[in-house]
Amino acid sequence: MVNVVESDQLRWIVLLPLLAAAYHGVMLGIVRRPTPRWLIVGLSCGSVLTSFMLSCLAFWELIQLPAESNLLLDDVYTWIGSGLGAENLTAELALAFDPLAAVMCLVVTGVGSLIHVYSVGYMEGDQRDDCGFQRFFCYLNLFTFSMLVLVLGDSLVLMFLGWEGVGLCSYLLIGFWYMDSHNAYCGSKAFIVNRVGDLGFLVGLFVLFGALSEAGTPVVAFRDIAAEFGGIVDATVRLPFLGEARVVTVAALCFFLGAVGKSAQLPLHVWLPDAMAGPTPVSALIHAATMVTAGVYMVCRMSFLYAASPEASAVVAWTGALTALFGATLAIVQTDVKKVLAYSTVSQLGYMFLAAGCGGFSAALFHLGTHAFFKALLFLGAGSVILALHHEQDTEKMGGLRRLLPVTHWLFLVGVLAIGGVPPLAGFFSKDEILVAAYVSEVPGHAWLYRIGLVTAGLTAFYMWRLQCRMFYGRSRVEPGLRERVEEPDGWMSNPLWILASLAALAGFVGLPQAWGDVLTVSDSNSLANFVSPVLAAGGSHAVENGTEYGVALRSLAASLAGFGLAHFFYLRRPELPGKLRKALPSVHRLLVHKYYVDELYDAVLVRPLVALSERVLYRGVDAKLIDGLGVEGTARAVRALAAHGLKYAQTGFSQSYVFLMLLGALAVVGYLVR
Amino acid sequence: MPDFSAHLLSIVTFAPLATALALLAARGVARLLGLPILPAGAWRVAGLLGSLFTFVLSLRLFAGFDLAEPSFQFVEHAEWLPSWGIDYFVGIDGIALFLVLLTTFLMPVVLVASWNEVERSLESWVFFMLLLETGMLGAFVSLNLIQFYLFWEVMLIPMYFIIGIWGGPRRVYAAVKFFLFTMFGSFPLLVAILVLAALPLAETGVLVFNLVAPPGASGPALLDLPVPTDDPVWWKNQVWLFGAFSLAFAIKVPVVPLHTWLPDAHVEAPTAGSVVLAGVLLKMGAYGFLRFALPLFPDAAQAYTPLLLCLAVIGIVYGSLLAMVQADLKKLVAYSSVAHLGFVMLGTFSLNTNGLNGAVLQMLNHGLSTGALFLLVGMLYGRRHTRLLSEFGGVARPMPVYAACFGLVIMSSIGLPGLNGFVGEFLILVGTYLAHPTIAIIATSGVVLVAAYMLWMFRRVMFGPIENPENRGLIDLGLREKLVMVALLLPIVGIGVYPDPCLRRIEPSVVELLRLVEVRRQVSPLVEAEPEADVPIDVPPEQLEDGEAL
């Protein structure tokens, strides 16, 4: 049990972006008067920046706390309170700031602030909608609010509020340019696929709450669940068709379904590549740095649950590993720069789940943080290129941009090297920690998990260097008329990139493995892991020998270098080779370009049959023919027939017979009553 | 000055009718004396003022509601036909309170919303709307079964005319269908009420229609009649009595497969009619289950529970699937109503506090969000005179305010946390899971389906390029329409953010209801015949003994 320290400043971290969003929302949605640009920028960027500073203050307060307490709590009011005794469900509107939340909160507000500032430059020239600028910042603020609720919410129910809120903002921002029906379609798709995951989240919540309620401890706050967890570890639940199963496993798998939806893992990854229809800063903030990592965060938050269920952990690890490989293979053939980065995100998120499933929760969190930096950098860098080329995203029409956009080139290069795993940039350390976690874990088939991780590391370096080459090096394929008008972005856009690049380069040192710390004679070198370990379950993590550590690091470095080298050979030295390869293996290429036909499969197996069933069978059949045709109008016809052929003979016109019938009826009623 | 506060509930109930009658009388007097009669527009203004007055008064019900009192409040009782056991007897608990508030709130809102929509026979329109309001309020506050039945029938007539006179092209078909469906249920209901009142005749010598004992008067009441434990016939009758009550209520809810009157009635009804129909009239069914069917026949309710739960889940899935393939906006919303009311039924028959709290709250929520949806559809219809989805596309461009309001309402309907729909739906699902896990899991799939059809509809109407040139010149919401939407959006957001004021008032009554069900079940012989390990709800032992002693 942790000692809780009250702190009523936490609410402002969450509230400020909400207030800004609410102001924009009322101005846009009801009042509809133009707001001056400086006010929009001031409110939106200001609120998120202030949130970031308040988070830093809270972080400072947290690390000043005495050793036995590591949680700041701000209980605002009771949100939902219902039921008596063992059924009582009380969800407080309470924010909890513990080490895990602190890391996330800093990442969300920090990267969020940078992307808000970047967006001022990026959305500057966007004239597609009269209030588009304000609308964009309204959604972005609302997103920041929701994400912070997700992170800081102290209970499952409140987390769900944030969970759905970020889904809504994602929907709104993907379809931001709604006049294009493809964008609107992509937004809806993201929301609906996410809802499938939410179904899992809700059922998981019910299963867990049901078990806790049965044990007489109906709680929904995370720290209470963790405290009462002992009472339900061995409880079982009866599943329809499947028989008895352990509550922890069922709940963990259901929650993981939620994570799969939100973090775009197999088989619910289909929405993320389509989500690139949104403006690029959105792709950076929501679909790379923060929202999609919510699933990973949730698994870490519930780490005690996964640590108690080896079966669920194995599912998490394998799903993660397969998604990592799957995403990487698809990223190789994409030509749209944002699609490459999207599949890369799918793949990197897979890495994080691989770590979490192997019990390396702090490794997952570490990679989450570094990924937020370098992927945001990559997306924003890509955004600068896209804007400079007047919304051109196809790498077929880029090439040789190093000369036109030298600063962007160097910044992008930092991101590419970081994600590719080149020491001492951040990605190398976090990826290394994941591979170590997989290497030493006890998950069934962990040796294969490790190998998949290693291969994916090589593939990552390959497709990222391919992207770098196709964008910045070689012959320029930019249209000649455009070439003269390409210029570097302004300060709003370039300054955040510098900060992100520094973070992507240096963030790795907060999680230096102890093996390296020994060399540098630093004790407790992995400060991130030490910081968050009190709130994470120990899982299957072991003390790792330095030799193992060096071996894993060397192999992953070799894989990365091989990837870089191969890509360099293919796309700079012998640029004609990829085309030849494509011709040699047409079926493989087609399979990859069509993304393994997953979308088509869902359409054929789920969507179309369901619509056909509803339309032809239920609507035209059951509703119109069976119930209305046979039931309602059938009855009407029957009554008419009865009246025409039978009852009309009762209408004799003789009053005596009516009186007689009336008497009979009255007698029958009285007879029944006095019986 | 006489003390009105003792008759607050009656004043609220009859204020709309009084307004209507006063208007009628003024017209009659003017005719008689040869004075100029009131212009039609004055009726509209007077009707709005009357309903606004009713709403303001009903707020005093909310403010004066005693949180510590689980039973009926603002009770008024007067003998009417004492020898027949028919009294004027009204009172509300936390369940009825919010339905009364919903009714008094929605009525001025729809009158404002339909300000320019109705031109034909305006006087009759105002008269019927006010009569309808009194009918609905009367049904929610009645504690005497005959009185309840009277109001139940009274609200049928104005609704029939509202659809039949001001409706769309197939209005007569829809009105007749609506009328016949409801009558098909009301007749067995009347018979069942009479039989129920006559059952204790042998022992008490009087017919009993009062649900609970009126204050000060020492008459027998249905809910605390001595239960003849040695007479199984008394209780065996429950099964068909409950069946008859359920039929009437299930048609109103509507429970699949008794729902087919609803899409027709909605499509043909004028906007205001649809809003009242979906917002309030449908609640009458669910309310009937809660107020009468459950506590009066607890054993039968228990026996019917699996059937009704299954129908509720079928309603959720079936309604959602059908909503997905509709081409007409109003029909889509109508089928979504079927799905949402399935959740209410589910919560009701989970028979625990969470489920019932959720069900009552969800009735309120559905009234707000579906009412708002019908209003929004009506606003679009008023501009384009079509409701076909295929006619629209890109509407968000010319009508951004409309799109924003529509989006928020849709999110409430989808059950987005932070808005009202979530709280009710979540509590219903939690309650249902605790009672029947499998059913709850199937019902949860509704959250995916509702997102699918709502977003699909929203995308078709709002987004994409403007292909139909008629959509290009659409005018955004005016001040009157904005006012209507803000009035609806405030409670939608308010309940979602801070549902406690509602839950605190609902829960004591729900607990009391469950206690009654439990107490009455324990003394009935049917349960002894099939012993079940029922989990007793939290009832202090002395209360249990009280119940048995009665």
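Order of the sequence lines fixes the chain letters, A, B, ..., with proteins taken first and strands second; residue numbering starts at 1 for each chain. All values reported here derive from a predicted model rather than from experimental measurement.
Atom CG of A:Asn88 is separated from atom CG of B:Asn354 by 7.5 Å, given to the nearest 0.5 angstrom. How far OG of A:Ser188 is from CE of B:Met454: 13.5 Å, rounded to the nearest 0.5 Å. To the nearest 0.5 angstrom, A:Glu164 atom CD is 6.0 Å from B:Leu416 atom CG.
When the heavy atoms of residues 500-510 of chain B are compared with those of chain A, the residues falling under 4.5 Å are B:Asp500, B:Leu503, B:Glu507, listed by number.
At least one side-chain heavy atom of A:Ser181 sits under 4.5 Å from a side-chain heavy atom of B:Pro465. Proximity of A:Tyr178 to B:Arg459: side-chain heavy atoms (C-beta onward) are nowhere separated by under 4.5 Å. Looking at heavy atoms from C-beta onward, B:Val325 lies out of side-chain contact with A:Arg616 at the 4.5 angstrom threshold. Counting heavy atoms from C-beta outward, A:Trp79 and B:Pro499 have side chains that approach closer than 4.5 Å. Considering only heavy atoms from C-beta on, B:Val423 stays 4.5 Å or farther from A:Ser82 through its side chain. A heavy-atom distance below 4.5 Å is found between the side chains of B:Lys331 and A:Tyr619.
Contact between A:Leu610 and B:Leu449 at its shortest, heavy atoms only, is CD2-CD2, 4.3 Å. Residue B:Val511 comes nearest to A:Leu84 through the heavy atom pair CG2-CD1, 3.6 Å, listed as atom of the first residue, atom of the second, then distance. Across all their heavy atoms, B:Lys482 and A:Val31 have their closest contact at NZ-O, 4.0 Å.
Contacts between A:Leu168 and chain B at a heavy-atom distance below 4.5 Å involve the side chain alone, from C-beta outward. In this structure, the portion of B:Asn357 lying under 4.5 Å from any heavy atom of chain A is its side chain and not its backbone. Only the side chain of A:Val237 comes within contact range of chain B, with at least one heavy atom under 4.5 Å from a heavy atom of that chain. For chain A, the nearby part of B:Asp264 is the side chain; its heavy atoms alone come within less than 4.5 Å. Only the side chain of A:Ser213 has a heavy atom closer than 4.5 Å to any heavy atom of chain B. Neither the backbone nor the side chain of B:Leu356 comes within contact range of chain A; no heavy atom of the residue lies under 4.5 Å from a heavy atom of that chain. Neither the backbone nor the side chain of B:Pro437 has a heavy atom closer than 4.5 Å to any heavy atom of chain A. In this structure, chain B has a heavy atom under 4.5 Å from the side chain of A:Leu205, while its backbone stays farther away. Neither the backbone nor the side chain of B:Leu477 comes within contact range of chain A; no heavy atoms are under 4.5 Å apart. Only the side chain of A:Tyr77 comes within less than 4.5 Å of a heavy atom in chain B; its backbone stays farther off. For a residue to count as touching a neighbouring chain, one of its non-hydrogen atoms must lie under 4.5 Å from one of that chain's; by this rule B:Met411 touches chain A with the side chain only. Only the side chain of A:Leu202 comes within less than 4.5 Å of a heavy atom of chain B; its backbone N, CA, C and O stay farther away. Heavy-atom distances place the side chain of B:Phe181, and not its backbone, under 4.5 Å from chain A.
More than 12 heavy atoms of other residues, nucleotides or ligands lie within 6.0 Å of OH in B:Tyr173, so this atom counts as buried by the packing criterion. No more than 12 heavy atoms of other residues, nucleotides or ligands lie within 6.0 Å of CD in A:Glu214, so this atom counts as exposed by the packing criterion. For OH of A:Tyr185, the number of neighbouring non-hydrogen atoms (other residues, nucleotides, ligands) closer than 6.0 Å is 12 at most.
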Note to self: Could you go through A:Ile80 and B:Phe422, starting from their C-alpha distance and side-chain angles, then the distance that decides it, and tell me whether this counts as side-chain contact (heavy atoms from CB on, under 4.5 Å)?
What the structure shows: CA-CA 11 Å; A:Ile80 300 175; B:Phe422 172 72; 4.3 Å; yes
Checklist line | Residues A:Val207, B:Tyr433; criterion side-chain contact (heavy atoms from CB on, under 4.5 Å); working and verdict | finding: CA-CA 8 Å; A:Val207 171; B:Tyr433 182 84; 3.5 Å; yes
Next item on the list: Using the side-chain contact (heavy atoms from CB on, under 4.5 Å) rule, take B:Ile414 and A:Arg195 through it: C-alpha gap first, then chi angles, then the decisive distance, then the call.
Entry: CA-CA 10 Å; B:Ile414 288 179; A:Arg195 270 262 154 165; 3.5 Å; yes
Margin query: What verdict does the side-chain contact (heavy atoms from CB on, under 4.5 Å) test give for A:Phe206 and B:Phe426, after you've listed the backbone C-alpha separation in whole Å, the side-chain angles of each residue and the deciding distance to 0.1 Å?
Written below: CA-CA 10 Å; A:Phe206 298 151; B:Phe426 181 69; 3.9 Å; yes
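Chain A forms the most heavy-atom pairs under 4.5 Å with one residue out of B:Val486, B:Leu429, B:Val450, and that residue is B:Leu429. If you tally non-hydrogen atom pairs under 4.5 Å between each of A:Leu28, A:Asp198, A:Ile30, A:Val196 and chain B, the highest count goes to A:Ile30. Contacts with chain B were tallied for A:Val149, A:Leu613, A:Val203, A:Leu618; A:Leu618 has the most, counting heavy-atom pairs under 4.5 Å. For chain A, the option among B:Ala451, B:Gly394, B:Ala404 with the highest count of heavy-atom pairs below 4.5 Å is B:Ala451.
Under the salt bridge (charged side-chain N to carboxylate O under 4.0 Å, His left out) criterion, B:Arg460 pairs with no residue, sequence neighbours left out.
No side-chain donor-acceptor contact under 3.5 Å links B:Asn352 to the backbone of A:Glu87.
A tilted orientation is assigned to the rings of A:Tyr171 and B:Phe463, their planes being inclined by 30° to 60°.
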